[in-house]
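Because the structure is a prediction, the values reported are computed rather than measured. If you read the sequence from its start, that first residue is 1, and numbering goes on from there. We use all heavy atoms of the structure for the numbers below, so side chains are in, but hydrogens, waters and symmetry mates are not.
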Amino acid sequence: MSDRSHALIIGASRGLGLALANELTRRGWHVTATTRGSGDLRASADLTIESLEMTSPDQLTALRERLSGRRFDLLFVNAAINRGNQPIGEVPTDVFTEVMVTNALSPLRTLETLRDLVVPDGTVAIMSSDQGSISRNTEPGYELYKASKAALNQLMRSYTTRHTGDGHTKLLIDPGHNKTALGGPDAPLTAEESIPAVVDVLEKQAGATGLQFLDLHGEVVPW
C-alpha cells in the first residue's frame, strides 16, 4: 500500500455515506465504498466500489474475503432506516425486527467481520444520532428509531470493552439533522454542509483512545 490514507466506507449509495466517500477522496484519501445496488456513487482512480447488503452475514463474509490483504486507516459504517413515527406499542413485530437488525445489529456485525482489516492505529466509526442519547430523549416521537440508535450505542460500548487493546480509535458520530431520505426535506443541514465537519472530526480524533460519542463539531454527545 502507498503512503496515502485508505478508508473503507460501508453504505455509500447516497446521502451521508455518498458525501463522506466524496469528501475523503477530495482530501486525498483512497476510498473503498460499498453500495446495495444502483446509487449515485461513481468509481474512479481514487474510489473503488464494492457491492454489499450489510444485513446479510454471507455477503459480509464474501466482502471480507475479497478485501483480504488490504489494510485501511478508517472503517466507517453508515446505515440506518426509519419506518415511521408510531408509539412503540403500535409497531408491528416485523418492523421492529427490521429496524433493530439494520440500525443496531448489522453495524456491529460489520465491525466484527472487518475490524482486522484496520491498521493497529486506525479508526473504526459508526454513524449514530443524538436521538440515541437517552438523556436527551425529552420530547415524544420516533420511538423505534431512537431505541435502535440507543441500542447501537450500547452495543458499541460492549464492543469497546472486548477490544480495548487493539489500538483502534472508536467513534460514534452524530452528523446532525440532514436533508436526506431519512432526515426529510425540512432538515436544517445538507450533507455538503455537515460531512466536511464530520471528516474534520475523524481526522482530528485519529489516534485517540477509548470510545467517544461526538457530534459533527467534535462536541461530546451525552449518553
Side-chain angles (χ1 to χ4, degrees), residues 8-21 33-37 39 52-60 63 75-115 124-137 139-162 170-184 187 189 191 194-195 198 202 211-216 221-223:
L8 175 55
I9 309 300
I10 306 299
S13 298
R14 55 188 58 83
L16 297 179
L18 172 65
L20 178 61
T34 72
T35 69
R36 296 176 61 190
L52 176 69
E53 170 50 67
M54 187 187 67
T55 61
S56 167
D58 289 344
Q59 289 196 28
L60 272 173
L63 176 67
L75 167 59
F76 196 107
V77 181
N78 171 61
I81 59 173
N82 178 27
R83 290 295 184 255
N85 185 15
Q86 296 173 295
I88 197 64
E90 298 177 10
V91 175
T93 300
D94 60 337
V95 173
F96 181 90
T97 301
E98 179 192 20
V99 171
M100 284 294 185
V101 167
T102 302
N103 293 4
L105 174 60
S106 294
L108 270 298
R109 184 181 278 155
T110 299
L111 289 193
E112 294 286 11
T113 303
L114 302 176
R115 60 180 299 276
V124 295
I126 298 179
M127 199 78 83
S128 186
S129 169
D130 70 345
Q131 294 204 49
S133 168
I134 292 175
S135 61
R136 285 187 177 178
N137 186 9
E139 298 179 359
Y142 298 96
E143 295 176 22
L144 176 54
Y145 180 78
K146 290 176 179 177
S148 72
K149 286 299 188 178
L152 169 70
N153 293 349
Q154 182 73 299
L155 290 171
M156 187 61 171
R157 294 193 73 161
S158 295
Y159 172 93
T160 300
T161 66
R162 287 185 288 104
K170 301 173 181 70
L171 298 171
L172 289 159
I173 300 291
D174 164 33
H177 188 189
N178 285 266
K179 290 183 175 71
T180 63
L182 184 68
L189 294 171
S194 64
I195 288 302
V198 167
L202 294 172
L211 170 64
Q212 299 181 84
F213 185 12
L214 304 175
D215 68 13
L216 72 165
V221 181
W223 298 99

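Leu108 is listed as a side-chain neighbour of Ile126, based on a closest heavy-atom distance under 4.5 Å. In this structure, Leu18 and Ser13 have side chains that are not in contact, with every pair of non-hydrogen atoms separated by 4.5 Å or more. With a 4.5 Å cut-off on side-chain heavy atoms, Val77 and Met54 count as touching. With a 4.5 Å cut-off on side-chain heavy atoms, Val95 and Leu144 count as touching.
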Worksheet entry | Chi angles and distances behind the side chain to side chain contact (heavy atoms under 4.5 Å, CB included) call for Met100, Leu105 | CA-CA 6 Å; Met100 284 294 185; Leu105 174 60; over 6 Å; no

Practice prompt. Determine, stepwise, if the pair Leu202 / Leu20 fulfils side chain to side chain contact (heavy atoms under 4.5 Å, CB included).
Written response: CA-CA 11 Å; Leu202 294 172; Leu20 178 61; 4.3 Å; yes

Item to complete: Test Glu98 against Ile81 for side chain to side chain contact (heavy atoms under 4.5 Å, CB included), laying out the working first.
Response: CA-CA 9 Å; Glu98 179 192 20; Ile81 59 173; 3.7 Å; yes

Discussion item. Using side chain to side chain contact (heavy atoms under 4.5 Å, CB included), reason through Ile173 and Leu216 one step at a time and then give a plain yes or no.
Written reply: CA-CA 7 Å; Ile173 300 291; Leu216 72 165; 5.7 Å; no

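Between the Gln212 side chain and the Leu171 main chain, no donor and acceptor come within less than 3.5 Å of each other. A donor-acceptor contact shorter than 3.5 Å is absent between the side chain of Asn78 and the backbone of Met127.
For the residue pair Ile134 and Ala150, the shortest heavy atom distance occurs at CG1-CB, 4.4 Å. Smallest separation of non-hydrogen atoms from Leu16 and Pro175: CD1-CG, 3.7 Å. Closest non-hydrogen pair, Ala80 versus Lys149, comes out as CB-NZ, 3.7 Å. Looking at every heavy atom in both residues, Pro57 comes nearest to Arg109 through CG-NH1, 3.6 Å.
With values rounded to the nearest 0.5 angstrom, Thr161 atom OG1 is found 11.0 Å from Met156 atom CE. Here CZ of Phe213 is found 7.0 Å from OG of Ser129. Values are rounded to the nearest 0.5 Å. To the nearest 0.5 Å, the span separating CG on Leu152 from CG on Asn103 amounts to 7.5 Å. With rounding to the nearest 0.5 Å, the separation of CG in Asn82 from OG1 in Thr102 is 11.5 Å. Interatomic distance, Arg36 CZ to Leu52 CG, rounded to the nearest 0.5 Å: 9.5 Å. Atoms NZ and CD1, from Lys146 and Ile88 in turn, are 11.5 Å apart once rounded to the nearest 0.5 Å.
Residues passing the side-chain contact (heavy atoms from CB on, under 4.5 Å) test with Ser133, sequence neighbours excluded: Ser135, Arg136, Val221, Pro222. For Glu112, the side-chain hydrogen bond (donor to acceptor under 3.5 Å, both in side chains) partners two or more places apart in sequence, or in a different chain, are Arg162, His163. Not counting sequence neighbours, the partners of Leu114 by the side-chain contact (heavy atoms from CB on, under 4.5 Å) test are Leu8, Ile10, Leu63, Arg64, Leu75, Thr110, Leu117.
The number of heavy-atom neighbours closer than 6.0 Å to CD of Gln154, taken from other residues, nucleotides and ligands shown, is 12 or below. Enclosure of atom OH in Tyr159 by more than 12 non-hydrogen atoms of other residues, nucleotides or ligands within 6.0 angstrom is indicated.
Of the residues Asn153, Asp174, Asp215, the one that meets the side chain to side chain donor-acceptor pair (under 3.5 Å) test with Ser128 is Asn153.
No side-chain donor-acceptor contact under 3.5 Å links Tyr145 and Arg83.
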